[in-house]
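Written below as C-alpha cells is the structure these notes are about.
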Amino acid sequence: MNLPENLKYTKDHEWIRIEGDVAYVGITDFAQSELGDIVYVDIDTVDKDINQEDVFGTVEAVKTVSDLFSPLNGTVLEFNEKLEGSPELVNSDPYGEGWIIKMSIADASQVEGLLTVDGYREVIGQ
C-alpha cells in the first residue's frame, strides 16, 4: 500500500499535498484499489467556493460511484484535465498524474486537523 509520508489524509480517503497557498487533492491508493477500475471523474465545482467535507465531485468505477469530499475550505481552481481522457490515471498513479483538483486554501489552520500517514493507516486498518 503506497502512502506517502509528505501528504495529509482524510477519513474519507482523500489525500492533500500543499504547495505554497495551493493544495492538490486526490484519492488514496487504498481508495482507488477498493473502487476498482475508474472510468470517469466528474468535477462540477471549478471556480466555486467549497467548505471542508463538502462534496466537490464524484469518481465513477465500473460498479459504483463515490463522492469526493473536500479536505479544506477553499476555491476549486482547476480540474486535472488529463483525467477527462484517461480517468485510469487515478488507479495507476493516484499521488502523481492522477491528482483530481487543485484548490486554494482559505483556512490554513484546518490542515492541522487532517490525518498524518500514521493516522490514516489506523483508519484503514493497516
Side-chain angles (χ1 to χ4, degrees):
M1 182 69 49
N2 181 13
L3 293 171
E5 298 276 340
N6 63 322
L7 304 178
K8 292 285 194 170
Y9 299 89
T10 72
K11 64 181 180 0
D12 297 309
H13 312 291
E14 284 82 23
W15 60 262
I16 179 170
R17 182 179 72 238
I18 297 170
E19 295 184 5
D21 60 353
V22 174
Y24 287 81
V25 179
I27 64 169
T28 65
D29 191 26
F30 174 82
Q32 69 79 22
S33 68
E34 292 289 303
L35 287 168
D37 293 337
I38 293 172
V39 295
Y40 187 68
V41 180
D42 182 32
I43 305 298
D44 60 1
T45 51
V46 174
D47 296 328
K48 293 184 180 168
D49 292 334
I50 55 175
N51 292 315
Q52 190 173 40
E53 299 185 9
D54 280 357
V55 173
F56 67 83
T58 58
V59 172
E60 184 176 335
V62 174
K63 295 181 180 176
T64 189
V65 175
S66 184
D67 287 336
L68 299 166
F69 298 94
S70 179
L72 304 170
N73 294 352
T75 303
V76 178
L77 302 172
E78 184 180 334
F79 166 61
N80 182 355
E81 292 182 5
K82 289 181 183 176
L83 300 182
E84 286 182 8
S86 301
E88 68 278 1
L89 286 171
V90 175
N91 292 115
S92 62
D93 191 10
Y95 304 113
E97 295 291 309
W99 63 272
I100 297 175
I101 63 167
K102 188 163 60 170
M103 66 184 295
S104 67
I105 301 170
D107 182 356
S109 70
Q110 290 178 323
V111 174
E112 297 307 311
L114 297 174
L115 299 171
T116 63
V117 69
D118 291 333
Y120 183 67
R121 282 185 201 281
E122 286 181 27
V123 167
I124 62 173
Q126 294 282 314

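Scope of the values below: all heavy atoms of this structure, side chains included, with no hydrogens, waters or symmetry mates.
Annotation for Val46 and Ile43: closest pair CG2-CG2, 4.4 Å, computed over non-hydrogen atoms. Looking at every heavy atom in both residues, Ile18 comes nearest to Val111 through CD1-CG2, 3.4 Å. Gly98 and Val90 make their closest contact through O-CG2, 3.7 Å (heavy atoms, listed as atom of the first residue, atom of the second, distance). When all heavy atoms of Pro71 and Met103 are compared, the pair lying nearest together is CD-SD, 4.5 Å.
Annotation for Asn2: atom CG counts as buried by contact number, over 12 foreign heavy atoms lying within 6.0 Å. Dense packing is recorded around CD of Gln126, with more than 12 heavy atoms of other residues, nucleotides or ligands lying under 6.0 Å away. With a 6.0 Å radius and a threshold of 12 heavy atoms from other residues, nucleotides or ligands, Glu81 has its CD atom at or below the threshold.
The CG atom of Leu115 sits 9.0 Å away from atom NZ of Lys11, with the distance rounded to the nearest 0.5 Å. Rounding to the nearest 0.5 Å places CG of Asp49 at 9.0 Å from CG of Asn73. Atom CG of Leu68 sits about 10.0 Å away from atom CG of Asp12, to the nearest 0.5 Å. To the nearest 0.5 Å, atoms CH2 (Trp15) and CD1 (Ile100) are separated by 8.0 Å. With rounding to the nearest 0.5 angstrom, the CG atom of Asp118 is 9.5 Å from the CG atom of Leu3. The CD atom of Glu88 sits 14.5 Å away from atom OH of Tyr40, with the distance rounded to the nearest 0.5 Å.
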Note to self: Evaluate Gln52 against Leu114 for side-chain contact (heavy atoms from CB on, under 4.5 Å), listing each step before the verdict.
What the structure shows: CA-CA 11 Å; Gln52 190 173 40; Leu114 297 174; 4.2 Å; yes
Item checked: Candidate pair Thr75 and Asp47, rule side-chain contact (heavy atoms from CB on, under 4.5 Å), full reasoning -> CA-CA 6 Å; Thr75 303; Asp47 296 328; 5.5 Å; no
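Taking the six-membered ring for Trp, Trp99 and Tyr24 have ring centres closer than 6.0 Å.
We find that Glu19 and Arg17 are joined by a salt bridge, their nearest charged nitrogen and carboxylate oxygen being less than 4.0 Å apart.
Residues Asn91 and Gln32 have side chains that bring a donor and an acceptor to within less than 3.5 angstrom of each other. A donor-acceptor pair shorter than 3.5 Å can be found between the side chains of Thr28 and Tyr120. A donor-acceptor contact closer than 3.5 angstrom links the side chains of Thr10 and Glu14. Looking at Asp107 and Ser109, their side chains do bring a donor and an acceptor atom within 3.5 Å of each other.
Judged by distance alone, with hydrogens and angles left aside, the side-chain atoms of Asn80 form a donor-acceptor pair with the main-chain N or O of Glu97 at under 3.5 Å. The closest donor-acceptor contact from the side chain of Tyr95 to the backbone of Leu7 lies at 3.5 Å or more, if one exists at all. Side chain of Ser86 to backbone of Leu89: no donor-acceptor contact under 3.5 angstrom is found.
Classified by interplanar angle (parallel below 30°, tilted 30° to 60°, perpendicular above 60°), the ring pair Phe30/His13 is tilted.
Among residues two or more places apart in sequence or in another chain, the side-chain contact (heavy atoms from CB on, under 4.5 Å) test is passed with Glu112 by none.
In the hydrophobic clustering of this structure, Phe56 groups with Leu72; members are Ile, Leu, Val, Met, Phe, Trp, Tyr whose side-chain heavy atoms approach within less than 4.5 Å, directly or through other members. Tracing side-chain contacts under 4.5 Å through hydrophobic residues (I, L, V, M, F, W, Y), one reaches Val117 starting from Met1; they form part of the same cluster. Taking hydrophobic clusters as Ile, Leu, Val, Met, Phe, Trp and Tyr residues chained together by side-chain heavy-atom distances below 4.5 Å, Ile16 does not share a cluster with Phe69. Using a 4.5 Å cut-off between side-chain heavy atoms of Ile, Leu, Val, Met, Phe, Trp and Tyr, with links allowed through other members, Tyr9 and Val25 fall into different hydrophobic clusters. Residue Leu35 is not grouped with residue Ile124 when hydrophobic side chains (ILVMFWY) are merged at heavy-atom distances under 4.5 angstrom, including chains of intermediate members.
In this structure, the side chains of Ile38 and Val59 come closer than 4.5 Å at one or more pairs of heavy atoms.
Within the structure, every pair that satisfies the salt bridge (charged side-chain N to carboxylate O under 4.0 Å, His left out) test and touches residues 60-78, not counting sequence neighbours, is listed here: Glu78-Lys102.
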